[in-house]
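Read through the structure below, which is laid out as structure tokens, and then see the notes.
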Amino acid sequence: MAQELAARCIVAGVASGEVIATSQSISFWGGVDPATGLINDPRHELFKQSVAGKILVFPYGKGSSTGSLMILELARVNKAPAAMINIETEPILATGPIVCKHFYGLEIPVVTMEKTLFDTLKTGQHAQVNATLGRVVVSENFVDKA
Amino acid sequence: MRLTDHDQDILSGSEGEAARLAMQILCDMGEIFAADEMMPVSQVHIDMTLYMVDAGVEFVERLADLGGRFAVPTQLNPSAVDLRRCRELRVPAELEEKSRRLERAYLKMGATPTWTCAPYQQGMIPGFGEQIAWGESNAIAFANSVIGARTNRYADLVDVCAGIIGRVPRFGLHLSENRRAEILVTLEGFTPEMFANSAIYPLLGYVFGEIAAGRIGALEGIPKAVTMDDLKAFSASAASSGAVGLFHLLGITPEAPSLEVCFPGGGPTPLVLTPRMVADAEERLSDGTVERPDLVALGCPHFSATEFIALTELLQGRPVHASISCWVFTSRAVYAEVEEHGVLELAHSAGVKVFTDGCPLQYPVQSWDFRAAMSNSAKFANYCYSQTGLRVVYGSLRECVDTAVNGRVCREAGLWRKN
């Protein structure tokens with residue numbers, strides 16, 4: 001059963017893919033390997049998992065202002081998340097996807113949503129993020145069509 | 001966001017493709033964060049100067065190739081290397097080449113090659129209330145808090161755009177109403193002897209940053225005698241443990257003359273910061289098993305002239321131990337100043353190596369056989385292992401100097417420390 005969740009557009013675009021979700025914040029500098037897209041902070045619950053091509057669900061960004069550059073690098077080497085869903089997207093986190101759009105012509109849609117809706121998102125679900133229309137359509141049991 | 005005719009013209013390419021791209025990125029930021037209009041800034045400090053990934057080089061080179069020019073005075077954070085002493089720092093060819101490409105692109109756009117993360121101690125120092133656009137977390141925290149200049153926490157990439165346009169979206173810390181303290185933190189149980197050891201300020205900053213996280217905090221209880229170098233260290237560590245862009249020190253920083261000014265409706269219930277919390281933070285930051293560090297790294301953020309003087313006084317003519325490298329990172333401006341004063345010669349003759357432009361967290365690790373480091377910077381200690389793979393021990397400048405001279409870790413017991 002697909003379910004539609006209301007979201008607020010931060011960076012426009014449409015993307016779909018497998019959800020990878022965490023309740024912990026993520027720092028894209030020092031927390032994600034810019035060459036592989038693997039979470040490389042041993043203290044993070046997603047340690048060694050890949051964000052590449054995923055619908056990355058995490059509540060907030062954190063850490064250095066270099067995070068924006070790391071998202072641009074992930075996009076350059078095709079290891080960026082397909083989309084991001086947050087509770088709050090602060091300016092440093094929004095910068096990467098904005099620059100990707102204008103610099104590489106690549107869309108990484110970003111939306112925020114209410115915590116109660118955010119909390120329903122789980123790793124392994126399939127999500128279609130339509131940031132432009134402000135909605136996320138979620139279905140259980142992601143099936144990899146590849 | 002309301003745009004002026006001039007803003008619109010830039011967006012349609014009247015000032016070239018680089019300005020159009022930069023303006024588009026700034027306008028998107030403004031729309032997302034509900035800015036009402038673009039506003040001028042007097043100067044820009046660019047964080048994205050240190051080679052890390054190729055996307056950064058591509059971004060800056062493309063803007064330079066498209067004819068990008070900085071519209072306002074624009075200064076630079078450190079390079080990854082000492083651009084004038086690459087051989088002495090054993091910089092690999094590829095890292096030097098990428099660093100030179102960044103240097104060429106920035107200079108082509110008209111940047112001032114300050115290459116320092118402490119731009120508030122020399123060079124283009126802003127004044128109280130001045131609207132600026134700065135990157136580099138420690139510099140942002142210092143400029144907003146200690147000087148009372150006004151900047152948002154500009155991310156890499158946006159900082160370059162701000163320099164090209166000379167204007168930024170008006171929101172966040174640029175506006176008075178967003179600069180008020182949201183929480184009150186009070187020091188409890190600290191003695192004057194504790195404040196006499198300069199190792200306390202980076203630790204206080206570190207704990208304060210953890211407490212504040214993304215909020216603006218006011219801190220009560222810092223002594224009036226705190227120095228600019230202490231405030232620099234506090235800013236750097238607070239901005240490394242939390243998303244701290246602005247803090248207020250009651251009775252010390254310019255926007256916090258008193259509790260009443262900070263909290264006109266009466267202060268909230270204070271959160272307490274104790275010596276025990278400082279001791280716990282130090283234990284998390286400092287590896288107690290390190291006995292013989294290979295490197296004593298000073299200058300994170302970049303060393304000031306007064307820190308050089310303190311260093312040479314603590315050395316008292318004693319040479320650095322043969323088993324230890326003692327490195328200081330500073331700006332070209334401070335280097336020239338202490339060279340003029342003769343202080344540099346005192347450091348050199350003790351065997352201290354002084355590098356400019358670069359960053360102690362980004363030295364070419366593959367060229368040096370170091371296993372462990374010591375530093376007086378809590379920011380360095382926080383990032384050292386993830387950035388360099390070195391274990392790290394933390395101590396005051398005096399303790400770092402004694403360690404460098406004796407070849408083994410010298411730390412004082414007592415004060416807030418348990419042993």
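Below, chain A is the first sequence line, B the second, and so on; all start at residue 1.
Atom CG of B:Asn152 and atom OG of A:Ser65 lie 12.0 Å apart (nearest 0.5 Å). To the nearest 0.5 angstrom, A:Thr95 atom OG1 is 10.5 Å from B:Asp28 atom CG. Taken from NE2 in A:His102 to SG in B:Cys27, the straight-line distance is 8.5 Å, to the nearest 0.5 Å. Taking CD1 from A:Ile98 and CD1 from B:Ile32, the interatomic distance works out to 3.5 Å, rounded to the nearest 0.5 Å.
The two residues B:Phe171 and A:Pro91 have their closest heavy-atom pair at CE1-CG, 4.1 Å. Residue B:Glu58 comes nearest to A:Phe103 through the heavy atom pair O-CZ, 3.6 Å, listed as atom of the first residue, atom of the second, then distance. Looking at every heavy atom in both residues, A:Glu90 comes nearest to B:Phe33 through C-CZ, 3.7 Å.
Contact annotation: the side chain of B:Val158 never approaches that of A:Ile92 to less than 4.5 Å [non-hydrogen atoms, C-beta and beyond]. The shortest side-chain heavy-atom distance between B:Phe59 and A:Arg76 does not fall under the 4.5 Å cut-off.
For B:Asp54, the parts sitting under 4.5 Å from any heavy atom of chain A are the backbone and the side chain alike. Only the side chain of A:Tyr104 comes within less than 4.5 Å of a heavy atom of chain B; its backbone N, CA, C and O stay farther away. Both the backbone and the side chain of B:Met29 come within less than 4.5 Å of a heavy atom in chain A.
Annotation: maximal heavy-atom pairing with chain A below 4.5 Å, among B:Glu136, B:Glu31, B:Met52, occurs at B:Met52. The candidate from A:Leu74, A:Asp41, A:Leu93, A:Leu69 with the greatest count of non-hydrogen atom pairs under 4.5 Å with chain B is A:Leu69.
The 12-atom threshold is exceeded at CD of A:Glu4, counting heavy atoms of other residues, nucleotides or ligands nearer than 6.0 Å. Environment of NZ in B:Lys98: crowded, with over 12 heavy atoms of neighbouring residues, nucleotides or ligands closer than 6.0 Å. Surrounding OH of B:Tyr385 are at most 12 heavy atoms belonging to other residues, nucleotides or ligands under 6.0 Å away.
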